[in-house]
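Take a look at the structure below.
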Amino acid sequence: MIIRRVGRGLLTVVAILVSLLFLLPVLWLVASTFRSSTETFASSSPLNWNVLWPKEFTLVNLESAVNSGFMTALSNSLLVAVVTVIVGLGISAAAAFALAVIPFRGRTVTFSIVVLSFLVPFEAIAIPLSRSFSDWGLTNTLIALILPGLGNGLAVFTMRQFFLGVPHSLSEAAHLDGANWFRVFWSVYLPLTRPALIGAGLILFLFQWQAYLWPILVTSRQELDLAPVAIAKAFGAFTTDYGRVFAETAILAIIPAIVLLALQRYFVTSVASTGSKE
Amino acid sequence: MSTTMQRAQRHTSVARRNTLAAIAFLAPTAILIIVLRIVPAISAVRDSTHSGLPGSLAEPEFVGFDVFARLFASDSFWQSVRQTLFFNVLVNPIQIFLALVLAVLLTRNLPASGLWRTLIFLPSAVPLAGSTIVWGIALRPDGPVNGMLELLDIPRQPWFTSPDQVILALIVLASWIGIGYWMMFLIAGLNDIPTVYYEAARIDGAGALRTFFSVTLPMLRRPLLFVLVADTVANFVLFAPIQILTNGGPEKQSNLLMYDIFHTSYELSDPYTASAELVVLLLIMIAIVVVQFRLLGSSDGEE
Amino acid sequence: MAVHKGVTRWLVAGVIISTASIALTACGGASGTPDTIAGVGPAELVEPTEPITITYAGAAYAVDQIQPVIDAFEAEHPNITVEYESVPFDDFNSVLAARLTNASDAIDVFDVDMPRTDAYVARGWLADLTQTFPELVDSVDPGSLEAATVDDKVVTMPYQTSTNIMYYNKTLLDAAGIATPSADPADRLTWETVVEDATRAQAAGAQYGLIFDQIDRYYQLEPLAISAGGGPGASGDGNLDPEVANDGWVKAFEWYGSLFENGLSPRGVAVAETPNMFAAGQTAYYVGGPWWGGQFIAEAGLDFGVTAFPAFEGGEASTPTGGWSLGLNPQATPDKANAGAIFMKFMGLDNGGYAQYLSALAVPPSNLDGGVKFYDSDVFKDPRFAGVVDLMKSELANTSTLRLQTVGYVEFEDVMTKTFSDIINGTDTAEALKSAAADLTEAWAKFK
């Protein structure tokens, strides 16, 4: 018993150390948010405590972020990402359900197309695609920003993998009760695969949260800038506001982390609770 | 006799109903994927058989496989392919192994494990350009990481500034971003394994290691296949850190294919060569993904 | 197993289908160009009587910086509305490429990075403005005019140029007992002296001896090659024969590489980070643009001065120059071209150009009359900047050297940036330059 407790204590220490290792660069980013960029660069070498702790606290960077219109860009990013997650999760989960559960001819072909679709690097097709969007009259619209995030093969793929793990006996039982496919999908599969939904939601969210090239190609109005575009604009031809870049990057990193922390408790309810697994 | 016919009839009507249901479930995603990914990809393949002056507004000219011929005759292209493979052969196993170790560690009911998970995940939420700048500064020859190495009596390393270490530095950066992200999917998969299996293994007297190989790994096969494929794809198409920090250098050692595609198409305005390279990259990725499906896919989806 | 064999099979089939689609390639019919200026700017500018909106895409200024200029323009030309789109510099080329082709949301007027002018002409991105702005010849500095002219035709409206100076940290120099250099262009230091003094300053406590602002960029490093007698980097018809491995280039860049080898300059630093290193008071000498002045002056504890951009002993003095011009979309409709040209004239010519409306100027305007306001800016009145105005005027008039003018400039800059990085990181200079010459020959083959 004591050995097990010691072992658990040791593992906890390992977990804390590893987390700190991953956290250090983010701490540097946060520290750099609260100091002048001159100080940031002066204190990065040689090694000293001021790497991670500002000598002189300042809110200048946050102010300059707010004044440069970063809040508009941030709310654009939030809007685009949230709509993408809600709509994208709905349609990707449905597609994944069909690919994992419903028997039909052409299932493998369809799945292969899905796999092929996420092998294609989006940046490599963005330029021709942006021309199509312009032909369709979609430039400078929110729809243009949201659409490419919706058809996400990776999100479909991950949910398919988890749906395959749900025992068939459950869906057969539901069918015997007279449930149709939609009922099976909605009341059997979705509640059992919440961690997979969170994972797929992350994929959809981060695609938009990191979006940079595509927004530049399909929008040109500043009021439609997404957060990463707004950050890039801190690098002008004659001025570079690193402090602002750090502040905005830190804000951008912390929002999804808070959401994920809040979602942690859903990681326990899953297929495992049904007691069997195929 | 008649019952068999009835059954057959019922069977076809069930099959038809299933097909209709599948179409309804798949339609929105399928249309989006075809219009926004597959069609532009095919037109990129088409572009690879054309050529024109960079950025020119004139119609490109059809040149067959000339662009490929020029590409295959160029040493720097093959160097780029070689370095891409080298980077991926190292980075993918490292990331997946560490993600798996951490996922196992953080599903062991440790105190506040949700917090540790979030902290390890945090880097993947940092915009790529931001994490690149941070690591560019951290790994400077006179930067804080070397400062720490010196405290441990390890000599300073050149990292991004050395042709021999630039891939290593990229692996550090990519792993810092990727490990926590893929870990989340593996944690979801681990939570899906019913505890009865572990109890059975315990009753059999299996040790931790044997339990891992006989229960955890097999039960984790499906999420692991996803992580393996998705991570590989993510690393093959990674280019932002190279664009921001090294421009493919030093001595072209970090000129990975996807960076070269981006660079050729966006910075040199030559979509034709870029498309030809894209075709090569896609073929390499398809070959690898096919192998991964063969390795881990086994009985998936069988009815 | 069966299903995954299926996946494999279909993936392979997908490849075959895509490959087969190559066979189906047919040229998309050239879209008709119903009503455009067909590449020639208007001969006469007419104030529009109906409201018209033009789109101006720029990479030089952020929206809030340029807004006062646009407000002033719209006040003077009430029928013309200018929509300004600010594009991050690194992505500017791709955005132009994507948006010049299409008529529905096309860009009418856009910024042109001066050394790319020849390449843009070859791409068909620039309308001929020779008959539109005949007065340009007498209104701008010689470098700007040269940059705006390709094959004796005026193709852009130059509006701002630039020059470079060398800053020094007085505190660090004093600590090493080094005499303060003067800002008089006649007292130009040699690179040999600078290295000697920078080494002493470093021994006396400076973290870095000498840093170049644009660490790996041809813009700031070309003068080294010229001063060492190596020329701008190419010669021959259209400047398409690489000349980057001659003795002058090798001498200049062996010297430059040694700065990093000897620790005078730091490796692994990005261009945008360098001004912070001087601002933090860690650097003895800093070669850079006058536009960093605002940031340096804001550091109260930073005691600095300026002197001329050095030259090699016995070599000619040469300084970086060049900036931004405006281009007109050759496929614009006549109405938009007319309104666009009125705007370009406002930016570059009318009453000294755009500079008078900006609150803070970073670089000198191309327009000679407009320069007055620039040199009168408050930044240069700081005592630490004593002498800088005369210095900049003199450099622009006498020593400034445009970047290489060639249709292959985009590729040239790309290859040279990578080569300079390699030299900084310790690759043998002669080898690096030789391989650059080979890369250029390969990249330029298509232009010959």
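Sequence lines set the chain letters: A, B, ... in the order given, protein chains first and strands last, and positions in each chain run from 1.
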Which atoms of A/S132 approach chain B - backbone, side chain, both or neither, heavy atom under 4.5 Å
neither
Taking every heavy-atom pair that is under 4.5 Å apart, which of A/A227, A/A98, A/P128, A/P256 has the most such pairs with chain B?
A/A98
For the pair B/S48 (side chain) and B/V45 (backbone), establish whether a donor and an acceptor sit closer than 3.5 Å, ignoring hydrogens and angles.
yes
Checking heavy atoms, do the side chain of A/F163, its backbone, both or neither come under 4.5 Å from chain B?
neither
Those residues that, when tested against B/E150, pass salt bridge (Lys or Arg N to Asp or Glu O under 4.0 Å) (two or more places apart):
B/R156
Honestly, is A/R160 close enough over A/F111, meaning NZ or CZ under 6.0 Å from the six-membered ring centre and within 45° of the axis?
yes
A/F157, part contacting chain B, at a heavy-atom distance under 4.5 Å:
both
Need one label for A/L261: side chain, backbone, both or neither, based on atoms under 4.5 Å from any heavy atom in chain B.
both
Between B/L102 and chain A, which part of the residue has a heavy atom less than 4.5 Å away: side chain, backbone, both or neither?
side chain
Does any heavy atom of chain B fall under 4.5 Å from the side chain of A/L147, the backbone, both, or neither of them?
both
Would you say CZ of A/R8 has more than 12 non-hydrogen atoms from neighbouring residues, nucleotides or ligands within 6.0 angstrom?
yes
Do side-chain atoms of A/S19 reach the backbone of A/A15 as a donor and acceptor pair under 3.5 angstrom?
yes
Pick one of side chain, backbone, both or neither for A/E123, based on which atoms fall under 4.5 Å of a heavy atom in chain B.
both
Go through the atoms of A/F205 and report whether side chain, backbone, both or neither lie under 4.5 Å from a heavy atom of chain B.
neither
Side chain, backbone, both or neither: which part of B/I133 has a heavy atom under 4.5 Å from chain A?
side chain
At a heavy-atom separation under 4.5 Å, does B/S175 approach chain A through its side chain, its backbone, both, or neither?
backbone
Find the one option among B/T19, B/L281, B/V134 whose heavy-atom pairs under 4.5 Å with chain A are most numerous.
B/V134
Of the backbone (N, CA, C, O) and the side chain (C-beta and beyond), which part of A/V87 lies under 4.5 Å from a heavy atom of chain B, both, or neither?
neither
If I take atom CE from residue A/M159 and atom CG from residue A/L197, how far apart are they, to the nearest 0.5 angstrom?
6.0 Å
Heavy-atom distances under 4.5 Å only: say whether A/I127 touches chain B with side chain, backbone, both or neither.
both
Can you tell which part of A/Y212 gets under 4.5 Å to a heavy atom of chain B, answering side chain, backbone, both or neither?
neither
For A/F133 and A/W136, take the angle between the two ring planes, folded into 0 to 90°, and tell me which bin it lands in: parallel under 30, tilted 30 to 60, perpendicular over 60.
tilted
Pick one of side chain, backbone, both or neither for A/W209, based on which atoms fall under 4.5 Å of a heavy atom in chain B.
side chain
With a 4.5 Å heavy-atom cut-off, do A/I16 and B/W116 have their side chains touching?
yes
So, A/E172 versus A/H168: side-chain donor-acceptor pair below 3.5 Å or not?
no
For B/R16, is it the side chain, the backbone, both or neither that has a heavy atom under 4.5 Å from a heavy atom of chain A?
neither
Between A/L217 and chain B, with a heavy-atom cut-off of 4.5 Å, which part of the residue counts as in contact: side chain, backbone, both or neither?
side chain
Which residue out of B/Y266, B/F239, B/Y181 racks up the most heavy-atom pairs below 4.5 Å with chain A?
B/Y266
Among A/A257, A/A126, A/P148, A/P25, who wins on heavy-atom pairs under 4.5 Å with chain B?
A/P25
Comparing A/V156, A/V26, A/L23 against chain B, the one with the most heavy-atom pairs below 4.5 Å turns out to be A/V26
When B/L220, B/V229, B/L228 are each screened for side chain to side chain contact (heavy atoms under 4.5 Å, CB included) with B/L296, the one that passes is B/L228
Heavy-atom contact with chain B under 4.5 Å, split by part of A/L20:
neither
Taking side chain as everything from C-beta outward and backbone as N, CA, C, O, which of these in A/L129 sits under 4.5 Å from a heavy atom of chain B? Side chain, backbone, both or neither.
side chain
Which residues in residues 230-238 of chain B have a heavy atom less than 4.5 Å from any heavy atom of chain A?
B/A230, B/V233, B/V237
Going by distance alone, is a donor N or O of one side chain under 3.5 Å from an acceptor N or O of the other, for B/T216 and B/Y198?
yes
Among B/V227, B/I34, B/N109, residue most engaged with chain A (heavy-atom pairs, under 4.5 Å):
B/N109
Is a donor on one side and an acceptor on the other found under 3.5 Å between the side chain of B/W176 and the backbone of A/F22?
yes
Bottom line for B/A41: the part with an atom under 4.5 Å from chain A's heavy atoms is both
